[in-house]
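Worksheet: the structure to be examined is printed underneath.
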Amino acid sequence: LGEKCGRHSLGQGTFFAAMFVVASSIIVALLVGSGGWAISGTTLSLMVIGATLDCGRWQAVRPCQ
């Protein structure tokens, strides 16, 4: 969300919308009593790690391209 590049904003918005859908499915699965919440929980955890992971590729702030 920190980068405000035009062509990245659609991908970021889609990613965060998908995170919202996965989080909502966890809540629904818990309310229904289904065991499927574990799969959604794992997916959400991996999405959070992927969104925050910094592998050191970005050594300096780059301008929008």
Side-chain angles (χ1 to χ4, degrees):
L1 288 175
E3 294 184 19
K4 299 296 181 194
C5 296
R7 62 183 198 175
H8 295 292
S9 62
L10 178 62
Q12 289 173 343
T14 304
F15 181 78
F16 285 109
M19 284 183 73
F20 178 76
V21 169
V22 172
S24 299
S25 69
I26 294 170
I27 294 170
V28 169
L30 287 171
L31 290 175
V32 172
S34 171
W37 66 268
I39 295 169
S40 297
T42 303
T43 302
L44 184 64
S45 300
L46 292 173
M47 289 177 80
V48 169
I49 290 170
T52 59
L53 184 65
D54 182 13
C55 296
R57 291 187 300 156
W58 311 105
Q59 297 298 328
V61 176
R62 299 180 319 145
C64 291
Q65 298 177 1

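Nothing fancy with the numbering, it's 1 onward along the sequence.
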Starting at CG of Leu44, measure out to CD1 of Ile49 and round the result to the nearest 0.5 Å. 10.0 Å

Could you give all pairs that pass the side chain to side chain donor-acceptor pair (under 3.5 Å) test and reach residues 41-50, with sequence neighbours left out? none

Any pair with a residue in residues 18-41 that passes side chain to side chain donor-acceptor pair (under 3.5 Å), sequence neighbours left out, goes on the list, sorted by first then second residue, please. Ser25-Ser40

Same apolar cluster (I L V M F W Y, side chains within < 4.5 Å links), Val22/Phe16: yes

Give me the other members of the hydrophobic cluster that Phe20 sits in, counting Ile, Leu, Val, Met, Phe, Trp and Tyr linked by side-chain heavy atoms under 4.5 Å, directly or via other members. none

Residues clustered with Leu31, ILVMFWY side-chain links under 4.5 angstrom: Ile27

To which residues is Val32 joined in a hydrophobic cluster, defined by side-chain heavy-atom contacts under 4.5 Å among Ile, Leu, Val, Met, Phe, Trp and Tyr, whether direct or through other members? Val28

Please tell me whether Phe15 and Val48 are part of a single hydrophobic cluster in this structure, the criterion being side-chain heavy atoms less than 4.5 Å apart. yes

With a sphere of 6.0 Å drawn around CG of Leu30, does it hold more than 12 non-hydrogen atoms of other residues, nucleotides or ligands? yes

